[in-house]
Amino acid sequence: MSGRVLVGVKRVIDYAVKIRVKPDKSGVVTDGVKHSMNPFCEIAVEEAVKLKEKKLIKEVVAVSCGPQQAQETIRTALAMGADRGIHVEVSGKDYDNLGPLHVSKIMAALAKKEEAQLVILGKQAIDDDCNQTGQMTAALLDWPQGTFASEVTLEGGKVKVVREIDGGLETVKINMPAVVTADLRLNTPRYATLPNIMKAKKKKIANVKPSELGVDLTSRLEVLRVDEPPQRQAGIKVETVDDLVGKLRETGSI
Amino acid sequence: ALSTFRSICGEDGVSLATAVREQHGKDESVHRCRPPDVVVFPRCVEEVSALAKVCHDNRLPMIPFGTGTGLEGGVGAVKGGVCFSLRKMNQILDFHQEDFDVTVEPGVTRKALNAYLRDTGLWFPVDPGADASLCGMAASSASGTNAVRYGTMRENVINLEVVLADGTIIHTAGKGRRPRKTSAGYNLTNLFVGSEGTLGIITKATLRLYGIPEATVSAVCSFPSVQAAVNSTVQILQAGVAIARIEFLDDVMINACNMFSSLSYPVTPTLFLEFHGSEQSLAEQVNTTEEITQANGGSDFQWARDAETRKRLWKARHDAWYAAQALRPGCKAYSTDVCVPISQLPQIIVETKTDLIENKLTGPIAGHVGDGNFHCLMVVDPNDPEELRRVHLFSERLARRALAMNGTCTGEHGVGLGKRALLYEEMGSMTMQVMQGIKDTLDPNNLMNPGKVLLPREPQSEK
């Protein structure tokens, strides 16, 4: 096996930011808003770096699709311990329309090109909550998948994945090469320290265009409108139990 | 005045609701709630200034409010008035990675700032425990477990934007300035740090940041006596070990923690230690420290490198507040806060423990021994006035013990409501007169958080 792990990292609006919808309802405000690496992608990078530290794999390659700023996200992955990066350049309208199907086609193409043994992705991004890229990537590659991973172990050429599912925990053993998606409890990502940030500046980031990978970015989806959730209305205080019952009947609740 | 307030900060920026006023009239101390007459929620410094002008013209007391996590009753509106809740001003401004500084508004808490900084390699290390407003921490000159290595707020505030009692806006080090050091003019920045809202409202703080440690190691060690634990502390510091945290828990505290967290530490004075640094420097620091603790009769030296085990090791210390309260369910906890020169620590702790036992008081001890600062977590039945009185007298005796040893009655919590008389004893009348003079200059009408820090003025005849 090549010993190479591909990790996808997405640049999203920081989880602590209060999201505002643009006045024209075409999307959310992103200008001047703090962005950072998707939290589940951080967990994916951490898992890959841990595997390398245990000497179970040899190289961690961080991949991000997006405009120039996506390189900052790759640099963070490099500061966490990834060895090199690949920046797939997507900008403007193409970037606005970029979705899981495009990204999975890109990841699949790169996984083949880099002869990756494992592709580790976050289970979902916190901006679109799609939870599709990992699964679609595996399907396009015809590779097995271990999604919602809370524990990953490499044993004798296979991957044992403990998955978080509705009923509890499910353990699967899949052949490599495989796709794994990281869930919240898989690990606690490390902080990028200053010395590592300095070292990361020297690591290489290659630039690739989607067309070079044979990926077509036309979108089959069109976003019609983005709305804020309805504002919470003030409650009504009532004096007696009869009033309460009356009001509940009025609103059709009983 | 109310309609003017509304025109300044909007209809939803003014509240007369009882629940809201009560929320803004108390903090985490045992001092009872003193609600203000109205709470305003300004959104920017211009609104704070405009509101202050109105309050000034109408002689209304003003009480700044950050997160309400103080421990000395600093936000109680003892004379009513207007509470300025600053939580809507929550922007992190002007972060400079290469210069290691950042400017924050009062609504930004320390955990929020560190979350923002997490991928920059920098952090703000002052950690008082609570997730407090950073400007509030500046106002109370907060400290924490990390002070032995990174200092307190006094060392880490570079500049402040302050709104004075009459609405004037000043920048204590000049607008936008953030040199790492300066000798320009009077040190106004540190005048306002620790002023507890009595000299002005802090609306921006420029803070000093540090590199996130490359690696962290935590350790625990048990000692046969308080003296042994403190001697180790002094020697570790003298050996030049740049220790990050050095926390002392006495036997009563350890026992409480064992019961609360189902641990099994030996019930004896214990030190919790934390080291920050590169892999190589950590090995050296831990080695030197272990030698010292062994030489002082320390045993059961356990240390851990990975986050999970470190968390487990430190769990006892983190849960101390709750473990203390769990000793007597239904009771409240009050923390004393004296700080003495380190060499005096063994004596004061031993004398304090004797006092606790003689007076049948529950007071497990936890302390930042690296700074000579320790807290007795007094667990008291709030419905027993006799016990409350005994706790109050005990705290006064403790404070006076500390003062007699050239220490202070408050190492990190501030003076607030309860320690004004002790402050007077600590400083002496001449120094207090200077403090009063500064207060009179900046706030002649005593509108800024009245009733805190300074005692009420004595009648003229008693100069």
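Only heavy atoms go into these numbers, but all of them, side chains included; no hydrogens, no water, no symmetry mates. In what follows, chains are A, B, ... by sequence order, proteins preceding strands, each numbered from 1.
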I'd like to know whether OH of A:Tyr191 has more than 12 heavy-atom contacts from other residues, nucleotides or ligands below 6.0 angstrom. no
So B:Leu122 and A:Leu194, do their side chains get closer than 4.5 Å, heavy atoms only? yes
A:Glu42 vs B:Arg118 side-chain heavy atoms within contact, under 4.5 Å: yes
Quick one: which of A:Pro189, A:Pro195, A:Ala16 has the most heavy-atom pairs under 4.5 Å with chain B, could you say? A:Pro195
Could you tell me which portion of A:Ile197 (side chain, backbone, both or neither) has an atom closer than 4.5 angstrom to a non-hydrogen atom of chain B? side chain
Should we count CD of A:Glu151 as having more than 12 external heavy atoms under 6.0 Å? no
Does atom OH of A:Tyr95 have more than 12 heavy-atom neighbours, drawn from other residues, nucleotides or ligands, at distances under 6.0 Å? yes
More than 12 heavy atoms of other residues, nucleotides or ligands under 6.0 Å from NZ of A:Lys22: yes or no? yes
Please indicate whether B:Gln302 has more than 12 foreign heavy atoms, meaning atoms of other residues, nucleotides or ligands, lying under 6.0 Å from its CD. yes
Determine whether more than 12 heavy atoms belonging to other residues, nucleotides or ligands lie under 6.0 Å from atom CH2 of B:Trp303. no
Check each atom of B:Tyr210 against the heavy atoms of chain A and say whether the ones under 4.5 Å are side chain, backbone, both or neither. neither
Between B:Asp119 and A:Glu72, is any pair of side-chain heavy atoms under 4.5 Å apart? no
Which bit of B:Thr120 comes within less than 4.5 Å of chain A, counting heavy atoms only: side chain, backbone, both or neither? backbone
